[in-house]
Amino acid sequence: MSETIQTISKWHGGFCIEVAPLPCLIVIFGALGDLTGRKLLPSLYHLHQRGLLHEQSTLIACGRQEMSHEQYRNYIRTLDGMGKTDQLEQFLSKVFYHAGDYTLPETTARLATLVDDLENKMENQTSCRLFYLATAPAVYLPIVEQLANAGLTTELSAVTEKIVYPWRNVIFEKPFGNDFASAVELEQGLLRYLTEKQIYRIDHYLGKETVQNILMFRFANILFEPVWNRNYIDSVTITVSETVGVEHRAGYFEKAGLLRDMFQNHMLEMLSLVAMECPVSFSADRIRDEKVRLLHSIRMPDQKTLEQNLILGQYIAGNAMPGYREEAGVAHDSNTETFAALKLYIDNSRWQGIPFYLRSGKRMKQKKSEIIINFKHIPYSIFSPVKPEDLAQNRLILTVQPEEGLALDIIAKRPGPKLCMGDLTMNFKYSSILDPGENMPEAYERLLLDCMLGDQTLFIRSDSVRLAWQLLAPVLEYKKQITPFPYQAGTEGPIQAMEMIRRDGRTW
Ligand code: BG6
């Protein structure tokens with residue numbers, strides 16, 4: 001049994017560099033959508049509260065439904081976490097609503113007039129422009145085409161290696177394509193109107209503090225990098241488990257399934273950060289170069305070994321929760337996977353022969369996203385009769401959520417007899433360094449801010465997207481041929497996923 005030492009460490013100084021963006025006109029498509037209401041509007045409001053939204057910045061929310069600016073402001077007032085303060089009223093005075101079918105030139109022409117009106121009121125009569133496509137992916141291209149035709153995305157000076165002001169950037173929600181071919185087609189379509197520097201493909205996991213911390217942890221400490229390889233590490237496991245089911249997203253999820261929804265993006269992104277080589281600098285392209293190199297080194301199971309190394313599952317009724325096939329909008333004979341566990345290898349000199357186990361599922365026992373680095377046993381034990389394999393392996397646990405932090409399992413002396421030892425967890429929780437009442441920043445806050453600063457570090461580059469789809473291709477092909485294993489809602493997933501890792505003498 002392991003004991004826990006609550007860490008007492010605080011930040012002993014450090015470097016915090018935050019830059020406030022220039023005036024920016026933000027246009028969100030999908031004004032009344034779930035993402036806008038739950039994440040984008042609260043994040044923009046928090047940026048405003050933190051003084052990170054320029055006082056001249058304005059927001060236009062575009063939706064299909066007819067409503068006035070004031071009606072939309074009232075809608076924002078009802079959203080969770082908005083409160084009723086003067087600060088909110090100040091924020092709302094910058095918010096405007098624009099109604100219409102986004103794909104029609106007439107709607108965009110009216111939008112262009114509104115943009116002109118708002119920009120003419122600004123000090124320099126111009127601003128940077130951020131377009132956020134929080135819509136169904138099917139309308140990405142038509143919207144961009146309309147924006148470009150109306151001149152709204154045209155940059156005023158040539159794009160160079162340096163950031164151009166005033167820039168025009170477009171954020172795309174995932175999924176970016178649903179396989180390799182559709183991702184390439186979408187990319188080629190967008191490149192007719194935008195440059196890669198204007199395209200911001202979001203993976204909100206990269207905005208999470210603890211995911212960003214992987215880079216700091218690995219490359220700002222002397223301690224870990226020397227052991228971060230096949231000589232000391234036995235295996236790595238990455239788990240993202242959720243308690244929620246498909247919710248109201250059956251239309252999307254039925255076609256996507258868990259592999260597309262979580263593996264193509266969040267899981268592979270976290271894997272890349274954990275396993276990539278040290279980038280030459282903390283800059284967007286150098287970091288993204290290393291991630292791409294890593295993706296190139298991934299060896300997925302081949303057709304012969306897929307059955308052993310890929311377990312797909314689908315939740316059935318259990319623990320007072322309905323099964324996936326009973327959810328609204330799901331076919332009664334659906335074969336869509338709501339759980340996946342995958343074992344893969346990385347072919348390079350750092351990781352040769354070390355297994356990486358990835359699993360993610362809906363309707364599981366607990367909400368948890370964590371990365372566990374399992375170290376090897378000590379080579380020899382001086383503590384006879386205790387053998388190396390009698391001692392628990394050291395483990396480093398990076399918890400992305402819900403309780404962001406990190407923990408290190410070590411072996412230590414226990415009080416009492418001379419030869420008495422046991423495992424101990426050194427536990428650090430981010431909550432211990434936050435001020436009372438302060439919360440971890442929402443991932444979307446970071447990402448919106450970075451886009452306004454023209455920083456693409458935490459966004460996915462086109463080559464990464466393509467490679468991720470390529471890697472997944474055989475797996476997506478294989479899933480068509482099989483029926484996922486059932487697992488009861490509210491459990492750890494199918495027992496076959498437990499067996500997969502147990503066969504190797506390991507656990508999740
Ligand atoms: C999204 C997926 O990208 O991530 C959802 O589409 C999933 O299906 C969500 O629920 C999980 O995000 P988080 O931040 O709650 O772990």
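Note that ligands are numbered from 1 as they come in the structure, with each ligand's atoms numbered from 1 the same way. Keep in mind it's a predicted model, so treat the numbers as computed, not measured.
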NZ/NE/NH1/NH2 to OD/OE distance under 4.0 Å, R461 and D285: yes
Just jot down the salt bridge (Lys or Arg N to Asp or Glu O under 4.0 Å) partners of E477, sequence neighbours excluded, or say none. K480
Using a strict 4.0 Å threshold on nitrogen-to-oxygen distance, state whether R50 and E18 make a salt bridge. yes
Geometric N/O contact K367 with ligand 1, under 3.5 angstrom: yes
Of all protein heavy atoms, the one nearest atom 14 (O) of ligand 1 is K208 NZ, 2.6 Å
Within-shell test, Y205 vs ligand 1, heavy atom, strictly < 4.0 Å: yes
Protein heavy atom at shortest distance from atom 12 (O) of ligand 1: H204 NE2, 3.1 Å
Please confirm whether H266 comes within less than 3.5 Å of ligand 1 when only nitrogen or oxygen atoms on both sides are compared. yes
Return the CD1 to OH distance between I26 and Y132, rounded to the nearest 0.5 Å. 11.5 Å
Just jot down the ligand 1 atoms closer than 4.0 angstrom to any heavy atom of K362, in number order. 5 (C), 7 (C), 8 (O), 10 (O)
Ligand 1 contacted by E247 (non-hydrogen, < 4.0 Å): no
Quick test of your reading of the structure: of I202, D261, V246, N265, whose heavy atom lies closest to atom 8 (O) of ligand 1? D261
Looking only at non-hydrogen atoms, which of R260, R249, E242 approaches atom 5 (C) of ligand 1 most closely? R249
For the residue pair R64 and Y102, would you count it as a cation-pi contact if the rule is NZ or CZ under 6.0 angstrom from the ring centre and within 45 degrees of the ring axis? yes
Rounded distance (nearest 0.5 Å) linking atom CG of L458 with atom CD of E269: 9.5 Å
Please could you name the atoms of ligand 1 that K174 approaches to less than 4.0 Å, counting only its heavy atoms? 1 (C), 2 (C), 3 (O), 6 (O)
Within 45° of the axis and under 6.0 Å from the centre of the six-membered ring of F176, does NZ or CZ of R201 qualify? yes
